[in-house]
Amino acid sequence: MMAAMRISVLVSCMGLMVPFLAAGQVSCPVQSPAPLTSADRAYKARKYDEAESLFRAQIASASDSKAKAIATAGLIHTLITARKTQESLKEASAAETAFPKDAVVMEAVGYARFRHGETNAAAIAWNAAMHADPCNARVHYDVATYLRLNGMFASEEKQLDIARQLDPKNKSVALAYKATSSAPLSMEERISRLKKRLEISGLSADQRSSIQRAIAVAEVAGKGSCELVNPVPSTKIPIFAIMNGPDKIKALGVQMTLNGKKKRFEIDSGASGILISRAAAASAGLTSEAKSQSGGIGDEGLASISLAHVDDIRIGGMEFRNCMVRYFDKNDVLGDIDGLIGPDVFSQYIVTLDFASREMRLDPLPNRPGDSSTEVRKLDSAGQSSDADFTPHDRYIAPEMQDWTKVFRYGHYLLFPTHLNKGPSLLFLMDTGANRSMISPEAARTITSVSTDENHHVHGISGEVANVMEAENVTLEFAKVRVNVQHMSSYNSLGTAGGVAISGIIGFDALRELILSIDYRDNLVHVVYDPKARHAH
């Protein structure tokens, strides 16, 4: 059976225009699953060491170039899944030279680059794969993942639709396409689906407990509207410095009132929604309505949190009612502040953090063509929003925002393509709540020395980080600015976001002299160096 489709995709990749396929009509056969080799079966059984050996044996004994290319791609995917990052990159580099026009190999090369955070290199590899074989379903699936992080949701849906038509029996593709194309579930439908999952036989105690917690959270979330009492198109909210000692500023904060009680909240772009200390929650009269867990920096596991509703919250001149928030069940998780507020609470605005002027500004998002209203009536106080909660749109760049920088976004995480000492671009997370910038030892060793730092301790929501090291004199180039950081913490537990490795964190020490404007809707940021911030106290 043949499936004729018109494929025309042009994507702006971090300033690099990547035409994933030239306009035109391509007739593609619907794919049939290829027979599994012994290496494929070992991979599917998650026996990665065995699969690696078998793929290497296939490469050595391959009788023709195509068989060798297929086995090479299998080896690269195995190494990635086994978390052998450097080995996968080494094999990808060799394969890119040996098979530059083979779609199967270049898909695997792109996947290895993408997982390592080399997003431009991944886009170039997938571009080559798509030109070599526009009928390769896996390439279209990979490109869809890339587009989603880019804020290109409508284009993501189109790529998944192509992948679904080419490979209709692929369950991963089918689930991804359904998630983008289906109408969002109501809260009642979500709860009903979760309850049906409890009826599945063979669930472990941990699985059953996790589903029950998810049901409780969904039930509580449905009770909180967090509506603004008087919607405002724009406003300015005073911010203050949070000190670490008498003369060192470690973060920015805003004053908030919870049920009439004044509290100090740190502005933390690494957090989502509103997180409150146990003491502040008790002071505001909050009682737990459900339990959940939250993770962050640290090696001591997830932190237990409670969900509750606040009748009245005031920030600056804004007042909103009936907001679901989270608070920590343990004392002393947040130190001497009362809570954290993620700027994504205001994701329906352009959020500007201006340290020197001591204010956070909220301004209306530009209307997309065809839109007519920018009125904001609700805020996301619990970090529960989902990109699937709206009709898919591609990023819109208004005429007045042409000089803004495109970034990747995964949930509330803002991921900046960042050059280290003018080296290759890797992904760094912008985190205004981290008082010190951080870098993975792997990334640090490519540009500078890394040494053990027994005197510096790193704490986060998930406790203390073990085995902290230090990297010296690192220059970070991101969003059209360049910042030199003399001392960066270095450790291995930075994790991933959307399947992409986070190579570092751009912390407050690198951000304090900048004016940061964020458009969460379109994955855009505008960063300006402000020398006045150096002298602000």
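These numbers come from the heavy atoms of this one structure, side chains and all, not from hydrogens, waters or symmetry mates.
You'll find the side chain of L258 reaches within 4.5 Å of the side chain of F265, heavy atoms only. Using a 4.5 Å heavy-atom threshold, the side chains of C226 and D380 count as separate. Between L275 and D268, every side-chain heavy-atom pair lies at or beyond the 4.5 Å cut-off. Side-chain contact between I313 and I274: present, with at least one pair of heavy atoms (C-beta onward) separated by less than 4.5 Å. Counting heavy atoms from C-beta on, the side chains of V527 and T405 never come closer than 4.5 Å.
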Trace of the side-chain hydrogen bond (donor to acceptor under 3.5 Å, both in side chains) decision for D338 with S277: CA-CA 5 Å; D338 297 310; S277 72; 4.6 Å; no
Worked verdict on F153 versus T180 for side-chain contact (heavy atoms from CB on, under 4.5 Å): CA-CA 8 Å; F153 302 110; T180 62; over 6 Å; no
Candidate pair N523 and R395, rule side-chain hydrogen bond (donor to acceptor under 3.5 Å, both in side chains), full reasoning: CA-CA 7 Å; N523 293 20; R395 167 196 286 128; 5.6 Å; no
Steps toward side-chain hydrogen bond (donor to acceptor under 3.5 Å, both in side chains) verdict (K291, S306): CA-CA 5 Å; K291 297 286 186 181; S306 288; 2.9 Å; yes
Donor-acceptor contacts, no H, no angles, side chain residues 497-509, under 3.5 Å, sequence neighbours left out:
| residue | atom | partner | partner atom | Å |
| --- | --- | --- | --- | --- |
| D509 | OD1 | S437 | N | 3.0 |
| D509 | OD1 | S437 | OG | 2.7 |
| D509 | OD2 | S437 | N | 3.2 |

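For Y520 and F346, the gap between ring centers reaches or exceeds 6.0 Å.
Ring planes of W404 and H526: parallel class, angle under 30° (limits at 30 and 60°).
One distance of note links CZ of R368 with CZ of R521; it measures 4.5 Å at 0.5 Å rounding. For the atom pair CG of D431 and CZ of R436, the computed distance is 14.5 Å after rounding to the nearest 0.5 Å.
Among pairs with a residue in residues 228-244, none fulfils side-chain hydrogen bond (donor to acceptor under 3.5 Å, both in side chains), at least two apart in sequence or across chains.
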